[in-house]
There are 2 protein chains.
Amino acid sequence: MKPTVHDIASRAGVSLATVDRVLNRRPGVSARTREKVDQAVVELGFVRDVAAANLAKGRTYPLTFLIPSNDNSFMRGLRLALDEARDRAGVERVAIRLVDVPAFDGPALAEALRDAAAEQPAGIAFVAVDAPEVAAAAANVIAAGIPLVTLVSDLSGSQRDHYAGIDNAAAGRTAASLLGRFAGGRQGKVAVLAGSMLVRDHRERYEAFASVMASDFSHLQLMPVLEGRDDPDVVERLVSEIFAIRNNIVALYSLGAGNRGLIRALQRRPEDRRPVVVAHELTETTRAALRSGLIDAVLNQDAGHEVRSAIRVLKAKADGLPVVADQERIRIDIFLKDNLP
Amino acid sequence: MKPTVHDIASRAGVSLATVDRVLNRRPGVSARTREKVDQAVVELGFVRDVAAANLAKGRTYPLTFLIPSNDNSFMRGLRLALDEARDRAGVERVAIRLVDVPAFDGPALAEALRDAAAEQPAGIAFVAVDAPEVAAAAANVIAAGIPLVTLVSDLSGSQRDHYAGIDNAAAGRTAASLLGRFAGGRQGKVAVLAGSMLVRDHRERYEAFASVMASDFSHLQLMPVLEGRDDPDVVERLVSEIFAIRNNIVALYSLGAGNRGLIRALQRRPEDRRPVVVAHELTETTRAALRSGLIDAVLNQDAGHEVRSAIRVLKAKADGLPVVADQERIRIDIFLKDNLP
DNA sequence: CTGAAAGCGCTTACAG
DNA sequence: CTGAAAGCGCTTACAG
């Protein structure tokens, strides 16, 4: 049988309360008693039943998530993932509060962070805009002792406890390798479509992409970045314009959102002049485009994984427990038409 | 506050025992009482605290895993994942027993299944060999009411409750697309290296690979499969031989294990005559080969995910709970040198 | 068919 | 510095 606190207590000749104090490293126990208990723990190979402990503590974790009110498929997926997490919230004793914030808006995000912190939740997760006022607000959250995790897009500097998102530089490199190799020996130009160079994830993807392009595929020329603000209509216009003036675009990397607009522009392009395309996030739009061959590969981050990871990390931080970094690493999924789930 | 069984009891005007009977659909409750309780549950929005229930039940789940004693990196990874699962076993109330069985050996596996079932565990997981005697043994396990899950490689027919592994046909298709596109316009032959056509995962990968090759890349000719028994030395010999007699091998798909042998053979090949290579499973060997450019892509199944999924499913089946198929789908990871974790 | 009481493994006031 | 007792939300004999 697995040993319990009762076994430890009788083995060490102390009461349950004392065992509990030693187990949880609470003060007010003599060195001698502490030793006896520690020894019993080792001898019996005791491991705490976390579920029972949580039950007894009646502990809950009110967590606040700040999500951009941007209406694209990815953010909708993120909200869905949060809803699902909320469903399991009972079991895990977390209570999730979702707060909408305007997209790409540093000052608004900073204010939302301050408001969230004022309610003293057990932890806060937010999609960062990489701006000084946000960094300042984040620093205050940390200073107030509230665990803070960035989600999807990170904040420069160290003003957060953890980042729950993909390695965006790796994503950019992967996109470059796929596009470069898929393009075969063809010569020509490479178009890049981003949401905004103000968010760090887009900037990181771009820089890594450009670097691999320059080093491994120097026969292809990178064009200036188009910023589509993750808005399908803006994206459609930008891509159509560039298609109109350039006939030798052999590859296109869409590193942000708004791919509905991209697809429309691609569809109007004669088939033999369509570029090889890599885009981000598996949505209904990109899935259909993969199937039909308009897009060649999709790099995806699993919003569900990110949300669950953020929750696990915030709980761990709230409890002062260590985080297993390896386990919390968010993978970049690569989808071709052949391995669609 | 979240409602508890106490709230239900007082609302319905019955005792805790009766609430419990209704909640768990146990017999011996009058229709009238049942209704009162059900109504209270709905009105208060009660959801059961599973952790507390498990604590009270003192329920544990003794699970048996049958793993081939094959000494390759993937199986070692699987064992590691099982060890980790064992570490968390306390919290999840599962007790994992690991049984070694000879690799690629139907009769031995069938016997091991019978032996495992005789001990009446809460569930059994095994890496299937797709043979009639195994199917028969599996059918007996199911008939005995013991939940049964195949791991990594599946069993034909329906003699199991669930399969915790990747879609091997999708893996084969993906490999074909990557190799075909990475090969660019080059003409030549494609070599395929398998462990054994007796295991279903290898067969499925091969068939799907061949099918996409034929339809999308008909300018490349598929050579007969080499069976390396997942053994590095056999693999090295086979690949070296084929390299010696063929100079126009432009692509190679290694769909089984034993890649250390493949790497050795590739290293001896002059650089300008090395094929494009896709292999399975991210190990130290394949990781290094990706880095150095000897391998172009690695398709990976996460042994940790598979083990955790198998455990979740077996527990759910043991409790008669439904399985969320979507959540238990095992992804095919694609790694290039650019997105190595 | 129904209920009172004890217990799962841990924690928490409270008293000393 | 230490311990006895009650309680977290649920389940389980046992008695009626």
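Quick note on labels: first sequence line is chain A, next is B, and so on, each numbered from 1. For the numbers below, each heavy atom of this structure counts, side chains included, while hydrogens, waters and symmetry mates do not.
- Side-chain proximity of A:A56 to D:dT12, D:dG7, D:dG9: nearest is D:dG7.
- When each of B:L16 and A:P3 is assigned the nucleotide of DNA chain C bearing its nearest heavy atom, the one mapping closer to the 5' terminus is B:L16.
- Rounding to whole angstrom units, CG of residue B:L23 and P of D:dC10 are separated by 8 Å.
- In this structure, CG of B:D20 is placed 16 Å from P of D:dC14, rounded to the nearest angstrom.
- For the pair B:R21 and B:K57, both in contact range of DNA chain D, the more 5′-proximal nearest nucleotide belongs to B:K57.
- Side-chain N or O atoms of B:Q301 include none that pairs as donor or acceptor with a backbone N or O of B:E281 at under 3.5 Å.
- The number of heavy atoms from other shown groups lying within 6.0 Å of CD (A:E133) is above 12.
- Across residues 24-34 of chain B, B:G28, B:V29, B:S30, B:T33 each have a non-hydrogen atom less than 4.0 Å from an atom of DNA chain C (numbered order).
- Listed for the A:D302 side chain is a donor-acceptor partner under 3.5 Å among the backbone atoms of A:G304.
- The 12-atom threshold is not exceeded at CZ of B:R32, counting heavy atoms of other residues, nucleotides or ligands nearer than 6.0 Å.
- Evaluation of the side-chain contact (heavy atoms from CB on, under 4.5 Å) rule for B:I142 yields B:L148, B:D161 as partners, not counting sequence neighbours.
- B:V14 comes within contact range of the sugar-phosphate backbone alone, with a heavy-atom separation under 4.0 Å but no base atom that close.
- For the strand DNA chain D, secondary-structure stems (runs of at least three Watson-Crick or G-U pairs, all distances below 3.5 Å) span C:1-3 with D:14-16, C:5-12 with D:5-12, C:14-16 with D:1-3.
- Ranking C:dT12, D:dC10, C:dC10 by closeness to the B:D49 side chain, first place goes to D:dC10.
- Of the candidates D:dC10, D:dA4, C:dG3, the closest approach to any side-chain atom of B:S15 belongs to C:dG3.
- When the side-chain nitrogen and oxygen atoms of B:T18 are compared with OP1 and OP2 of C:dG3, one or more of them lie within a distance under 4.0 Å.
- The nearest whole Å value for the distance from the NE2 atom in A:H6 to the P atom in C:dA6 is 15 Å.
- Listed here is the closest heavy atom pair of A:F46 and A:T4: CE1-C, 3.6 Å.
- Without hydrogens or angle criteria, A:N300 side chain to A:L282 main chain gives a donor-acceptor distance under 3.5 Å.
- Closest approach of B:Q159 to B:A138, counting heavy atoms only: O-CB, 3.4 Å.
- The separation between B:R48 atom CZ and D:dC8 atom P is 19 Å, rounded to whole Å.
- Remark: B:I67 CD1 to B:F65 CZ distance equals 7.0 Å, nearest 0.5 Å.
- With salt bridges taken as basic N to acidic carboxylate O contacts below 4.0 Å, none links A:D167 and A:R329.
- Rounded to whole Å, the distance from CG on B:L55 to P on C:dA6 is 18 Å.
- Taking atom CG of residue A:N54 and atom C1' of nucleotide D:dC8, one finds them 11 Å apart after rounding to whole Å.
- Among the heavy atoms of the strands lying under 4.0 Å from B:A53 are primed sugar atoms or P, OP1, OP2 only; no base atom is included.
- For the pair B:E35 CD and C:dC1 C1', the computed distance is 15 Å after rounding to whole Å.
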